[in-house]
Amino acid sequence: MQRLQYEFFVRDVLEVAPDLLGKYLVRRFPDGYINKYKITEVEAYRGQQDLACHASKGRTARTEIMYHNGGQIYVYLIYGMYWMLNFVTSKENIPQAVLIRGIETYDGPGKLTKALKIDKSFYGEDLMASNRLWVEYGKESSQVNILTTPRIGIDYSGEIYKNKLWRFILDE
DNA sequence: GTAAGGATTGGC
DNA sequence: CCAATCCTTACT
């Protein structure tokens with residue numbers, strides 16, 4: 001199937017995040033083996049105002065990639081042991097990203113990066129140019145049922161943002 | 001330089 | 001319930 005292009009990612013994260021559900025994350029491993037995984041759970045992180053978004057701290061070495069045009073990969077380490085996989089969205093200078101929290105077979109942001117062998121070396125990689133990680137359309141209709149809930153693990157982000165229904169789950 | 005804490009997970 | 005484990009950020 002066809003790889004998602006820049007136009008898909010260069011939109012507001014609240015449009016891109018739910019739209020990623022049902023699409024396929026494609027990984028080409030170092031030995032050349034290719035596997036595809038249906039995306040089942042994501043979260044949206046939206047700009048400097050969103051206190052749960054890393055970019056609320058401003059433009060730093062870590063958040064730099066989020067200020068780029070959509071379609072780049074943002075990876076960071078959490079709790080000293082788990083890599084989190086994100087896709088940058090929106091236009092240049094608008095820091096947004098979608099956290100991939102679950103894919104078919106591997107439920108959990110830390111589990112899926114471990115299974116797919118994703119680490120810091122993917123930071124800043126382009127989803128349209130990469131030969132080892134990208135996203136494709138599925139063959140079935142894009143009609144999917146979606147559940148929304150508050151985001152996980154961001155209780156520190158204040159009343160307004162911790163209650164936003166910016167976690168999107170594929171309802172099977 | 002130093003300290004605090006995190007978009008998580010698994011084990012007790 | 002709590003430790004693991006290390007990078008990023010802020011600065012008593």
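Chain identifiers are assigned alphabetically (A, B, ...) following the order of the sequence lines, protein sequences preceding nucleic acid strands; residue numbering begins at 1 within each chain. For the numbers below, each heavy atom of this structure counts, side chains included, while hydrogens, waters and symmetry mates do not. All values derive from a computational prediction rather than experimental measurement.
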Student: For the side chain of A:Lys111, starting at C-beta, report the closest nucleotide among C:dT9, B:dA7, B:dT9.
Tutor: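 So the side chain of A:Lys111 is nearest to B:dT9.
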Student: Under a 4.0 Å N-O cut-off, is there an ion pair linking A:Arg101 with A:Asp107?
Tutor: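 Judged by the 4.0 Å cut-off on N to carboxylate O distance, A:Arg101 and A:Asp107 do not form a salt bridge.
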Student: Stem finding on DNA chain C, please: runs of three or more consecutive Watson-Crick or G-U wobble pairs, both distances under 3.5 Å, sorted by first number.
Tutor: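 So the stems come out as B:1-6 with C:6-11, B:8-11 with C:1-4.
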Student: Counting only side-chain nitrogens and oxygens, does A:Lys57 get under 4.0 Å of the OP1 or OP2 atom of B:dG6?
Tutor: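 Looking at the OP1 and OP2 atoms of B:dG6, neither is under 4.0 Å from any side-chain N or O of A:Lys57.
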Student: What's the closest nucleotide to the side chain of A:Tyr82 if the choices are B:dT9, C:dT9, B:dG6?
Tutor: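 Nearest listed nucleotide: B:dT9.
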Student: Taking only the P atom of each, what is the distance from B:dA4 to C:dA3 in whole angstrom?
Tutor: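 Looking at atom P only, B:dA4 and C:dA3 are 16 Å apart.
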Student: Before we go on, tell me: are the rings of A:His54 and A:Tyr45 under 6.0 Å apart, centre to centre?
Tutor: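 Between A:His54 and A:Tyr45, the centre distance exceeds or equals 6.0 Å.
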Student: What's the closest nucleotide to the side chain of A:Tyr79 if the choices are C:dT8, B:dG6, B:dA7?
Tutor: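 It is B:dG6.
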Student: If you check the A:Met66 side chain, which of B:dA7, C:dA10, C:dT5 turns out closest?
Tutor: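 Nearest to the side chain of A:Met66 among the choices is B:dA7.
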Student: For A:Ile152 and B:dA7, give me the distance from atom CD1 to atom P, rounded to whole Å.
Tutor: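 Taking CD1 of A:Ile152 and P of B:dA7, I get 13 Å after rounding.
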Student: Compute whether any side-chain donor of one residue and acceptor of the other, for A:Tyr74 and A:Gln72, lie under 3.5 angstrom apart.
Tutor: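 Short answer, no.
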Student: Is any NZ, NE, NH1 or NH2 atom of the basic residue among A:Arg132 and A:Glu125 found under 4.0 Å from an Asp or Glu carboxylate oxygen of the other?
Tutor: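 A salt bridge links A:Arg132 with A:Glu125.
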Student: For A:Glu136 and A:Lys23, run salt bridge (charged side-chain N to carboxylate O under 4.0 Å, His left out): C-alpha distance rounded to whole Å, both residues' side-chain angles, the deciding distance at 0.1 Å, then the answer.
Tutor: CA-CA 6 Å; A:Glu136 294 182 359; A:Lys23 301 294 187 297; over 6 Å; no
Student: Between A:Arg151 and A:Asp50, does any NZ, NE, NH1 or NH2 come within less than 4.0 Å of an OD or OE carboxylate oxygen?
Tutor: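 The answer is yes: the pair qualifies as a salt bridge.
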Student: Regarding A:Lys114, tell me which of base, sugar-phosphate or nothing describes its non-hydrogen contacts under 4.0 Å with the strands shown.
Tutor: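 No contact at all - A:Lys114 keeps every heavy atom at 4.0 Å or more from the nucleic acid.
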Student: Do any side-chain nitrogens or oxygens of A:Arg101 fall under 4.0 Å of OP1 or OP2 in B:dT8?
Tutor: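 It does, given that an N or O in the side chain of A:Arg101 lies less than 4.0 Å from OP1 or OP2 of B:dT8.
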Student: From the list C:dT8, B:dA7, C:dA10, which nucleotide is the closest neighbour of the side chain of A:His54?
Tutor: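 For A:His54, the side-chain atoms sit closest to B:dA7.
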Student: Please work out which residues in residues 84-98 of chain A have a non-hydrogen atom less than 4.0 Å from an atom of DNA chain C and list them by number.
Tutor: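 Going residue by residue through residues 84-98 of chain A, none turns out to have a heavy atom under 4.0 Å of DNA chain C.
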Student: C:dC7, OP1 or OP2 - any side-chain N/O from A:Arg62 closer than 4.0 Å?
Tutor: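 No, because none of the side-chain N or O atoms of A:Arg62 sits under 4.0 Å from OP1 or OP2 of C:dC7.
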